[in-house]
Amino acid sequence: NVDQETIGQIYLIVDVLGLAFRKDLSQRIAQLQLLPYEKAFKFGTKFCSIDHLEKRFLWFRILLKVYASKLSKIFPKKWCLPHYLFIEFSRRTKKHIEDWLASQNIGLEGVDMHDRVHSMLLSLKSLISFEAEMRATFANYIKGENIDDSIVDVKEPIAEAYDPYLGPYIQIERLDLEALMEKINSDEQKIMNLQDQNDANGNSTLDYRVAQQAFESSQKMFEFIKASLKRCNTFSSGVTYLSLSREFRMCLHNYALSLKFRHPSPVSAKAGERPIYEMSKYMEVQLCRL
């Protein structure tokens, strides 16, 4: 039983003390409400792993229902207390996940990286979906209200906890691209060698339109890079995205070298003189393509 008149006087006092005091008070209230959550989900407890994210989400949704049915009658809407609850929930959850991921990063020998990465990405996408749901909920909460929503921004999304531990994901993407490029480059080189030999023996009819076409290897490489960046952007536009782009920079460098090695060697390269090349018409076409 709350004496509304008494609590109304308290609100006036809080408003007079200013926004900074109200924010501090709201943060303290949120911390108290999240103590049971800390006890149930902190690192070392039964539900601390990323396999139990849905239980965390359910816990917080129940807390919001409790607020709507009970606490909303006590605290003014302009205090945006649900936002502070979510900020505190995000802060604690991020710490829990960081602690758990750090513990899993030790002793990875014998662990299937594909299974590990698959599990991490599934939980990460679930987490991002939940955060988007909460943002939409709070945007609707303050709709039409004279509330400065900047005071309750979640500056550190929970999903950022994954970034330092997504190295295996980047490694898998890089290895998949390297395997693809190695196979395609090898196939193209075999075709070039065979065609060049046939041409030298007078057994080939050249189609010079091929000189206007890009190598299949370049097309496949850019298709892979585009698809990979698109996949990554669904869960990271930060450290992981940047790290992946650096891997592709190295891939482009290696591809340039592979094209350079397709260039024929000179039959004569005396010091101070221009090198002399002997090549078939087919090789001339391939140089145009290069």
Side-chain angles (χ1 to χ4, degrees), residues 27-71 81-141 152-173 231-241 243:
Q27 289 166 358
R28 289 171 182 268
I29 294 169
Q31 289 168 7
L32 288 171
Q33 294 297 319
L34 268 293
L35 287 178
Y37 174 77
E38 179 72 18
K39 184 178 180 181
F41 291 97
K42 66 181 179 181
F43 177 65
T45 59
K46 181 180 179 180
F47 302 118
C48 66
S49 76
I50 60 175
D51 296 329
H52 299 291
L53 283 180
E54 290 298 331
K55 286 184 171 62
R56 293 177 180 269
F57 304 157
L58 177 61
W59 192 99
F60 187 72
R61 290 187 180 104
I62 292 174
L63 177 62
L64 290 182
K65 289 181 179 179
V66 170
Y67 175 85
S69 64
K70 296 180 180 180
L71 299 181
L81 194 59
H83 294 68
Y84 287 99
L85 292 173
F86 183 61
I87 290 173
E88 185 64 18
F89 173 83
S90 297
R91 184 184 70 81
R92 292 176 184 267
T93 302
K94 184 178 180 182
K95 179 64 167 60
H96 298 166
I97 291 176
E98 285 174 343
D99 290 344
W100 186 83
L101 289 174
S103 72
Q104 298 300 302
N105 215 38
I106 301 172
L108 293 176
E109 296 80 5
V111 178
D112 189 312
M113 284 295 100
H114 285 83
D115 289 345
R116 175 176 165 80
V117 168
H118 179 69
S119 175
M120 288 182 67
L121 293 186
L122 278 180
S123 66
L124 180 52
K125 290 175 182 178
S126 173
L127 179 56
I128 291 172
S129 177
F130 171 75
E131 289 184 306
E133 174 196 333
M134 290 298 105
R135 285 195 297 272
T137 298
F138 298 142
N140 186 60
Y141 177 81
V152 288
D153 279 344
V154 181
K155 295 180 174 60
E156 297 184 6
I158 307 170
E160 289 183 355
Y162 285 76
D163 268 333
Y165 304 100
L166 286 173
Y169 161 75
I170 296 170
Q171 183 182 6
I172 287 174
E173 289 284 321
R231 286 193 297 272
C232 183
N233 198 40
T234 61
F235 58 84
S236 174
S237 58
V239 175
T240 302
Y241 192 86
S243 299

Does the pair Q171 and V117 meet the rule for a side chain to side chain contact (heavy atoms under 4.5 Å, CB included), with working shown?
CA-CA 10 Å; Q171 183 182 6; V117 168; over 6 Å; no
Nearest 0.5 Å, please: how far is [atom2] in [Y] from [atom1] in [X]?
| X | Y | atom1 | atom2 | value |
| --- | --- | --- | --- | --- |
| Y165 | T240 | OH | OG1 | 12.0 Å |
| I87 | Q27 | CD1 | CD | 7.5 Å |
| M134 | H83 | CE | NE2 | 11.0 Å |
| Y241 | C232 | OH | SG | 7.0 Å |
| E160 | L127 | CD | CG | 11.0 Å |

Contacts of [X] that satisfy side chain to side chain donor-acceptor pair (under 3.5 Å) - sequence neighbours left out:
| X | answer |
| --- | --- |
| Y162 | S123 |
| E54 | S126 |
| R92 | E38, E88 |

Of all the heavy-atom pairs spanning [X] and [Y], show the shortest one and how long it is.
| X | Y | result |
| --- | --- | --- |
| L34 | W59 | CD1-CZ3, 3.9 Å |
| L64 | P82 | CD2-CB, 4.2 Å |
| A161 | I97 | CB-CG2, 4.0 Å |
| W100 | S103 | O-OG, 2.6 Å |
| F47 | R56 | O-NH2, 3.9 Å |
| Y169 | L121 | CD1-CD1, 3.8 Å |

After noting the C-alpha distance and the side-chain angles of K55 and K46, does the key distance pass the side chain to side chain contact (heavy atoms under 4.5 Å, CB included) rule?
CA-CA 11 Å; K55 286 184 171 62; K46 181 180 179 180; over 6 Å; no
Please walk me through it: do I29 and L71 pass side chain to side chain contact (heavy atoms under 4.5 Å, CB included)?
CA-CA 11 Å; I29 294 169; L71 299 181; 5.9 Å; no
From the options L166, I158, D163, select the one residue that forms a side-chain contact (heavy atoms from CB on, under 4.5 Å) with L124.
L166
Hey, mind stepping through T234 and I128 against side chain to side chain contact (heavy atoms under 4.5 Å, CB included) and telling me if it holds?
CA-CA 9 Å; T234 61; I128 291 172; over 6 Å; no
Do the rings of F60 and F130 sit parallel, tilted or perpendicular, given the 30° and 60° boundaries?
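Taking F130 first and then F60, their aromatic rings stand perpendicular (interplane angle over 60°).
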